[in-house]
Peer 1: 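Pasting in a structure now, in structure tokens, and then I'll have a few things to ask.
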Amino acid sequence: MIESQKPRVREAVSAELARSGARLAGFVLDMLCTSMLDLAEEFGAPSYIYFTSGAAFLRFQLHVQESHDEEGFDITEFKDAELACPGLTRPVPSKVIPSGFLNKEWLDSSTTITRNFRKTKGILVNTVRELESYALESLSGGMNIPKVYPVGPILNLKGEPESSSESSGSEEDEVMRWLDQQPESSVAFLCFGSMGGFCAEQVKEIACALEGSGHRFLWSLRRLEGGPALTPTTTDYGDVREVLPEGFADRTTEVGRVIGWAPQAVVLAHRSVGGFVSHCGWNSTLESMWFGVPMATWPMYAEQQFNAFLLVKELEIAAEIKMDYRTESGEIVSAEEIERGIRSLMEQNNPMKEKMKEFCDKVRGALMDGASSSSSIAEFIEDIKINYRSESGKIVTTEEVKRGTKSLMELAKQLDEGDDI
Ligand SMILES: O=c1ccn([C@@H]2O[C@H](COP(=O)(O)OP(=O)(O)O[C@H]3O[C@H](CO)[C@@H](O)[C@H](O)[C@H]3O)[C@@H](O)[C@H]2O)c(=O)[nH]1
């Protein structure tokens, strides 16, 4: 699909260059669009990657590719219980290795993409230094890894519906009014990303768990289409009453709401939300941190099992419902397991709540003037300029050389005089 877009991108970029008379400073490519590297080369421009997941996962991906290319390591054949990964303080249990890495065909594409990362001038990562310092450290200092810029959190906090048909304004208003009436931090919010859905049997288990836990809830529920698959598709349940246990809606009318697509960011920002049961997509993870809402993990597809492991074990800011669930397994998680996770999430004196608050401060602080992510963005812009100049074939003038030499001599003189510089 991405290949088929190349002619359009070529055409659009050429038209823009002809219109503006500008020269290209570079391409910033989504992490799945590395086949566009060829196009950037055609235009004589450097490429950068925008990596939409975390730094630990980026390190994992690079590690798997490197071990494959240099040592013939085939992760699809990996049988041990755990795999050492340089971006994490502890080994990754095999059960949380994302499915895309365990399937030969998918692994092949992923390895090609990862190899391409190394051909770029830099990788922007939607993360924060104070959140993933260990992983970021492991990405610096050579190893044929381009410069990594932690520039996050980059969020869309408006909570717009995915498409106009998926969440009507009036439904959203009703949900917000209901949230307004709930006590502070009393509501468990369940939402599973753009492709997370459940079959009727699983819906019943979740419903029983919610009732059993006795907690208030807001549940964004979608139907899993076409059975278990590596990349699931979902639709809205027409009438949720048809899949919920009999009488559930009436019994929970005061304490809960079941909706389709949720205005997630707006919900997470609400004072009555006390916990977030999430599929651990990276955007959801960052949004939860931004609003300081503790999480319970229920990964489903993509790299979410890895993220769940990071949240539960490395960062200790999430309760575990599941860490290794995969949509394609068709497994049904029992009401007991879900209820246990929800109870632990909503527990008043849970230490992970304090920890999540600390991360909330760190994540917000990173965007302040001069703080880590702001500095990274500034550095990225400076590097774009440097790369632009060095690839432009521009002649450096005598004046520029003189100016540079003069400051160098001044520095040398200060050093001679024993200045502490
Ligand atoms: O009912 C919903 C469901 C989702 N969202 C929003 O949609 C986004 C979902 O993003 P994310 O949490 O990253 O999940 P996915 O949509 O599943 O994202 C894919 O891309 C991410 C990286 O960008 C990966 O981390 C995930 O594993 C992969 O599935 C977030 O902004 C949510 O606020 C809503 O507003 N309402």
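This structure is a prediction, so every number in the text was calculated from the model and none was measured. Counting convention: from 1, in listed order, for ligands and their atoms alike. Side chains are part of it too, since the values below use all heavy atoms of this structure and drop only hydrogens, waters and symmetry mates.
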Peer 1: Quick check on contacts: which atoms of ligand 1 are under 4.0 angstrom from a heavy atom of Glu303?
Peer 2: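 So the atoms of ligand 1 that pass are 24 (C), 25 (O), 26 (C), 27 (O).
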
Peer 1: Using heavy-atom distances, let me know which of Thr285, Leu286, Asn283, Leu155 sits nearest atom 13 (O) of ligand 1.
Peer 2: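 The residue whose heavy atom sits nearest atom 13 (O) of ligand 1 is Asn283.
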
Peer 1: Quick test of your reading of the model: are Lys355 and Glu358 salt-bridged, counting only N-O distances below 4.0 Å?
Peer 2: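 Judged by the 4.0 Å cut-off on N to carboxylate O distance, Lys355 and Glu358 do not form a salt bridge.
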
Peer 1: Determine whether any heavy atom of Met300 lies closer than 4.0 Å to an atom of ligand 1.
Peer 2: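 It does not; every heavy atom stays at 4.0 Å or beyond.
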
Peer 1: Flag the pair Trp106 / Phe101 as yes when their ring centroid distance falls below 6.0 Å, and as no otherwise.
Peer 2: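 No, the ring centres sit 6.0 Å or more apart.
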
Peer 1: Answer side chain, backbone, both or neither: which part of Cys191 comes under 4.0 Å from ligand 1, heavy atoms only.
Peer 2: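 Under 4.0 Å from ligand 1, Cys191 contributes side-chain atoms alone.
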
Peer 1: From atom 18 (O) of ligand 1, work out which of Ser194, Pro263, Gly54 has a heavy atom at the shortest distance.
Peer 2: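 Going through Ser194, Pro263, Gly54 one by one, Ser194 has the nearest heavy atom to atom 18 (O) of ligand 1.
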
Peer 1: Determine, considering heavy atoms only, which of Glu287, Gln264, Met31 sits nearest to atom 31 (O) of ligand 1.
Peer 2: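 Nearest option to atom 31 (O) of ligand 1, by heavy atoms: Glu287.
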
Peer 1: Relative to atom 4 (C) of ligand 1, which among Phe51, Phe306, Trp261, Trp282 owns the nearest non-hydrogen atom?
Peer 2: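 Shortest heavy-atom distance from atom 4 (C) of ligand 1: Trp261.
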
Peer 1: Quick test of your reading of the model: are Glu347 and Arg343 salt-bridged, counting only N-O distances below 4.0 Å?
Peer 2: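 No salt bridge links Glu347 with Arg343.
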
Peer 1: Just to verify, what does Glu82 make a salt bridge (Lys or Arg N to Asp or Glu O under 4.0 Å) with, not counting sequence neighbours?
Peer 2: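 Here no residue qualifies.
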
Peer 1: Is the shortest side-chain N to carboxylate O distance from Asp69 to Arg115 below 4.0 Å?
Peer 2: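 Yes, this pair counts.
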
Peer 1: Backbone, side chain, both or neither: what part of Ser284 comes under 4.0 angstrom of ligand 1, heavy atoms only?
Peer 2: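 The part of Ser284 near ligand 1 is both the backbone and the side chain.
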
